[in-house]
Amino acid sequence: RYVSIGEMNYDQFTLETTVRIDFANKMSEQVIAGNLQAGGYGILVNDGLLKGEIYYNDTWHQISYNILKDDIYHVALSFDGNKLIMYVNGTKVGEKEVGGIVYPQDNTYLMIGTNASGSSADSGFFKGNLYSFRMYNRALTSEEISNNYSVDDDLFNNINTEVPRLVANSGDGVTSS
């Protein structure tokens, strides 16, 4: 299953999600959330790594984090117009000076749980449980991300992993449930 959000082309953004990755499938490419069609940005799993990436200047700029065990991860990817920062469980795990963003091709939608091909699902379907997703049209501060991690940790630390859910969040982010 996946969710289509629509065109989300921002000069700044933060994607935030809380997920349990199917550890047996951690080597296959799976898009947790993003728009990676001919430019764009996203959070994905590939080769046993959580990856945050953005396209600029004919290059995919990536930050990676090694998935060590079957567990729940809170992942945030923040972009302030120049710098890409990735957080895992409230802690900054990497940052990269990028310089800008190349927006995805026209009419390509941001998707949760797959990659987009225009307004349709393409490939890289996410295998795991998605507990929350938030998107903001600005770069959140490290304090805001740490606070959101604490909220999600309280909500999802002892959940039944057989029941995937999407949780809506109010505020200036785009939400879905």
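Just so you know, these numbers use all the heavy atoms, side chains as well, and skip hydrogens, waters and symmetry mates.
Residue E95 comes nearest to I85 through the heavy atom pair CB-CG1, 3.7 Å, listed as atom of the first residue, atom of the second, then distance. F133 approaches L15 most closely through the heavy-atom pair CZ-CD2, 4.0 Å. The heavy-atom pair separating G52 from L84 by the smallest distance is O-CD2, 4.2 Å. S64 approaches M86 most closely through the heavy-atom pair C-CE, 4.4 Å. The nearest pair of heavy atoms linking T14 to A139 is OG1-CA, 3.4 Å. Residues Q12 and G81 share a closest heavy-atom pair of CG-N, 3.9 Å.
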Item to complete: List the steps, then state whether side chain to side chain contact (heavy atoms under 4.5 Å, CB included) holds for L140 with N148.
Response: CA-CA 10 Å; L140 294 185; N148 289 348; 3.8 Å; yes
Item to complete: Please report the C-alpha distance between I32 and V75 in whole Å, then the side-chain angles of each, then the deciding distance to 0.1 Å, and finally whether the side chain to side chain contact (heavy atoms under 4.5 Å, CB included) criterion is met.
Response: CA-CA 10 Å; I32 297 171; V75 184; 5.6 Å; no
Item to complete: Go through the steps to decide whether V19 and V45 satisfy the test side chain to side chain contact (heavy atoms under 4.5 Å, CB included), and finish with yes or no.
Response: CA-CA 11 Å; V19 295; V45 176; over 6 Å; no
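When atom types are taken as modelled, the side chain of N89 and the backbone of H74 share a donor-acceptor pair closer than 3.5 angstrom. Panel note: side chain N66, backbone L49; no donor-acceptor pair is recorded below 3.5 Å.
Centroid-to-centroid, the aromatic rings of Y87 and Y149 stay 6.0 Å apart or farther.
In this structure, CD on Q62 lies 12.0 Å from CD1 on I54, to the nearest 0.5 angstrom. Distance check, rounded to the nearest 0.5 Å: OG of S150 to CG of L155 gives 11.0 Å. Taking CG of D152 as the reference point, atom CZ of R134 lies at 4.0 Å (rounded to 0.5 Å). Here OG1 of T59 is found 5.0 Å from NE2 of H61. Values are rounded to the nearest 0.5 Å. The OG1 atom of T17 sits 11.5 Å away from atom CG of L77, with the distance rounded to the nearest 0.5 Å. Rounded to the nearest 0.5 angstrom, R20 CZ and Y73 OH are separated by 9.5 Å.
Between R138 and E144 there is a salt bridge, with a side-chain nitrogen of the basic residue lying less than 4.0 Å from a carboxylate oxygen of the acidic one.
The aromatic rings of F13 and Y41 lie parallel to each other, their planes meeting at an angle below 30°, with 60° marking the opposite boundary.
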